[in-house]
Amino acid sequence: MKLIGIEEHFLTAEIRQAWEAIGLDAVDPSVAFHSGAIESRLLDLAEDRLALMDETGLDVQVLSLTTPMLHDFGPQSVDMARRTNDALAAAVARHPARFQALAILPVSMPEEAALELERCIRVLGFKGVMLCGRVGACNLDDPTLSPIFQSAEALGAPILLHPRTPELAVRAAYYSGFTPAVDAAFSTYGLGWHYDAGVQFLRLVLAGVFDRLPGLQVILGHWGELVLFYAERLAAMDRVSKLAHPIATYLRRNLYVTASGMFLPHYLERAVAVVGTDRLLFSTDFPYQYRPGGDARRFLENCGLAEPAKPGFAHGNWLRLTSECTA
């Protein structure tokens, strides 16, 4: 059964150096995670990556630039995004049966970002786009960013909404007071990343973005970034939200969820209960969650889904979702 991982990351030396040039490594602890073996695997888009895909049982990786992407850059990000997307398209062209791609955008320049997304979908053949939380001081529902979401809906391009490190004031208030290593872990992969991504999605819902753009599709990793586990509490906001539909409608109409290497059957069961089997997507969160031993294929085989839900999870739902991309 073909297995497509839709949240599989890469990095370029140019972007790694650009993060350091603007001092991002001093304020965002996640930058330091991209070192050693992780950095080597992120930078490789050739044989070593393919070998690890084979080992874990993954047929296709949908490649996306790792967090914090280009969200902290200004006008220089326009050319940087184009160069990175062109390099990514070349990697896909070298291995078209093994790689697909999500666009990298100069998000601080929304009009230019919308045009670059159109180029990536129509010209380069990419399958969607990844965003990772706030852009400067703006949350994703800020009206200035609306050209990006309008373009995504018009192109039929799904948005993978990836975590990023919460801003410094939030980290100081909620995730500090321990050792530097614990503070960094607590504010990122331990919890902070996932609250941040879930909150960004809910802000899009509550701001009425999906009422204005009902065809827009968003993907949350890590089984919904905590959102699915509080669906009942979120529904209590229906009486004050003044949205066109109950929040549960947006969860089933505008949201896909993916595993991100968290191979836990009871999380999958919760996702099915909230969004349904046709909105499940597979992913391994390479290289962060990579584990040897045929991990991805083994989870698929033992996840508990029956036909036709299992092939949908493995590849069918992604192929259907991205078939609407305007090529």
Quiz item: Salt bridge between Arg98 and Asp54, side-chain N to carboxylate O under 4.0 Å?
Solution: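 Answer for the salt bridge query: yes.
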Check side chain to side chain contact (heavy atoms under 4.5 Å, CB included) between [X] and all other residues, then give those that pass, not counting sequence neighbours.
{"X": "Thr12", "result": "Phe10, Glu14, Ile15, Thr84"}
{"X": "Asp141", "result": "Asn139, Arg203, Leu204, Ala207"}
{"X": "Ala184", "result": "Pro29"}
{"X": "Tyr290", "result": "Arg41, Leu52, Glu55, Thr56, Phe286, Pro292"}

Quiz item: Aromatic rings His34 and Trp19: how do their planes relate, parallel, tilted or perpendicular, breaks at 30° and 60°?
Solution: tilted
Quiz item: Any idea how Phe210 and Tyr250 line up, ring-wise: parallel (<30°), tilted (30 to 60°), or perpendicular (>60°)?
Solution: tilted
Value rounded to 0.5 Å, distance of [atom1] in [X] from [atom2] in [Y]:
{"X": "Thr258", "Y": "Trp318", "atom1": "OG1", "atom2": "CH2", "answer": "9.0 Å"}
{"X": "Glu232", "Y": "Ile247", "atom1": "CD", "atom2": "CD1", "answer": "12.0 Å"}
{"X": "Leu131", "Y": "His71", "atom1": "CG", "atom2": "NE2", "answer": "5.0 Å"}
{"X": "Ser151", "Y": "Ile159", "atom1": "OG", "atom2": "CD1", "answer": "9.0 Å"}
{"X": "Glu7", "Y": "Ile219", "atom1": "CD", "atom2": "CD1", "answer": "9.0 Å"}
{"X": "Leu58", "Y": "Ile4", "atom1": "CG", "atom2": "CD1", "answer": "8.5 Å"}

Side-chain touch [X]/[Y], heavy atoms, less than 4.5 angstrom:
{"X": "His162", "Y": "Ser64", "value": "no"}
{"X": "Phe149", "Y": "Leu140", "value": "yes"}
{"X": "Ser146", "Y": "Pro110", "value": "no"}

Self-check item: CA sep, side-chain torsions, deciding dist, call: Tyr288, Ser260, side chain to side chain donor-acceptor pair (under 3.5 Å)
Solution: CA-CA 9 Å; Tyr288 306 103; Ser260 305; over 6 Å; no
Quiz item: Can you name the salt bridge (Lys or Arg N to Asp or Glu O under 4.0 Å) partners of Asp25, sequence neighbours left out?
Solution: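 With neighbours one apart ignored, the set is empty.
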Quiz item: Asp59: what forms a salt bridge (Lys or Arg N to Asp or Glu O under 4.0 Å) with it, not counting sequence neighbours?
Solution: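 Residues passing salt bridge (Lys or Arg N to Asp or Glu O under 4.0 Å) with Asp59: Arg297.
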Practice problem: Determine, step by step, whether Leu251 and Phe201 satisfy the side chain to side chain contact (heavy atoms under 4.5 Å, CB included) criterion, reporting the C-alpha distance in whole Å, the side-chain angles of both residues, the deciding distance to 0.1 Å, and the verdict. | Solution: CA-CA 10 Å; Leu251 298 181; Phe201 171 75; 3.8 Å; yes
Quick one: side chains of residues 191-199, donor-acceptor pairs under 3.5 Å with protein atoms, not counting sequence neighbours, listed by atom name and distance.
from	atom 1	to	atom 2	distance (Å)
Trp193	NE1	Thr165	OG1	3.4
His194	ND1	Glu225	OE1	2.9
His194	NE2	Tyr189	O	3.3

What residues, two or more places apart in sequence or in another chain, satisfy side chain to side chain donor-acceptor pair (under 3.5 Å) together with [X]?
{"X": "Glu153", "answer": "none"}
{"X": "Glu269", "answer": "none"}
{"X": "Asp86", "answer": "Arg119"}

Nearest non-hydrogen partners of [X] and [Y], listed with the distance:
{"X": "Leu228", "Y": "Arg270", "value": "O-NH2, 2.9 Å"}
{"X": "Ala103", "Y": "Leu117", "value": "CB-CD1, 4.1 Å"}
{"X": "His222", "Y": "Asp285", "value": "NE2-OD2, 3.5 Å"}
{"X": "Thr322", "Y": "Pro158", "value": "CG2-CG, 4.3 Å"}
{"X": "Gly261", "Y": "Arg291", "value": "O-NH2, 2.8 Å"}
{"X": "Asp142", "Y": "Thr144", "value": "OD1-OG1, 2.7 Å"}

Can you check whether [Y]'s main-chain N or O pairs, donor with acceptor, with [X]'s side chain at less than 3.5 Å?
{"X": "Arg320", "Y": "Asp278", "result": "yes"}
{"X": "Asp183", "Y": "Phe178", "result": "yes"}
{"X": "Asn302", "Y": "Arg298", "result": "yes"}
{"X": "Ser187", "Y": "Tyr175", "result": "no"}
{"X": "Arg279", "Y": "Arg252", "result": "yes"}

Enumerate, atom names and distances included, each donor-acceptor pair closer than 3.5 Å involving a side-chain atom of residues 303-315, sequence neighbours excluded.
from	atom 1	to	atom 2	distance (Å)
Lys310	NZ	Glu301	O	3.2
His315	ND1	Lys2	O	2.8

Exercise. Apply side chain to side chain donor-acceptor pair (under 3.5 Å) to the pair Arg134 and Gln200, showing each step before the final yes or no.
Key: CA-CA 8 Å; Arg134 299 173 335 279; Gln200 292 299 322; over 6 Å; no
Quiz item: Stepwise, does the salt bridge (charged side-chain N to carboxylate O under 4.0 Å, His left out) test hold for Arg16 with Glu20?
Solution: CA-CA 7 Å; Arg16 184 71 167 85; Glu20 295 176 356; 2.7 Å; yes
Self-check item: Close aromatic pair by centroid cut-off 6.0 Å: Phe229 and Tyr267
Solution: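 Yes, the ring centres sit under 6.0 Å apart.
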Quiz prompt | Near-ring test Phe282/Phe263, centroid separation under 6.0 angstrom | solution = yes
Exercise. I would like to know whether Tyr256 and Leu160 meet side chain to side chain contact (heavy atoms under 4.5 Å, CB included); could you show each step before the answer?
Key: CA-CA 9 Å; Tyr256 284 77; Leu160 174 58; over 6 Å; no
Quiz prompt | Stepwise side chain to side chain contact (heavy atoms under 4.5 Å, CB included) test for Leu70 and Leu105 | solution = CA-CA 7 Å; Leu70 302 182; Leu105 300 183; over 6 Å; no
Practice problem: Step by step, work out the side chain to side chain contact (heavy atoms under 4.5 Å, CB included) result for Phe126 and Gln100. | Solution: CA-CA 7 Å; Phe126 287 10; Gln100 298 177 12; over 6 Å; no
Quiz item: Applying the 4.5 Å side-chain criterion to the ILVMFWY set and letting contacts propagate, would Leu319 and Val92 be lumped into a single cluster?
Solution: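 Yes; Val92 is reachable from Leu319 via cluster members.
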Exercise. Give the cluster check for Phe186 versus Met262: same hydrophobic cluster or not, with ILVMFWY residues linked at side-chain heavy-atom distances below 4.5 Å.
Key: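 Phe186 does not cluster with Met262.
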Self-check item: Side-chain H-bond candidate by donor/acceptor type, Arg82 with Asn85, under 3.5 Å
Solution: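 Short answer, no.
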Exercise. Each residue besides Leu115 in its hydrophobic cluster should be listed here, by chain and number; the cluster joins Ile, Leu, Val, Met, Phe, Trp and Tyr at side-chain heavy-atom distances under 4.5 Å.
Key: none
Practice problem: Evaluate salt bridge (charged side-chain N to carboxylate O under 4.0 Å, His left out) for Asp72 paired with Arg164, printing each intermediate quantity in order. | Solution: CA-CA 11 Å; Asp72 296 276; Arg164 72 164 300 174; 2.9 Å; yes
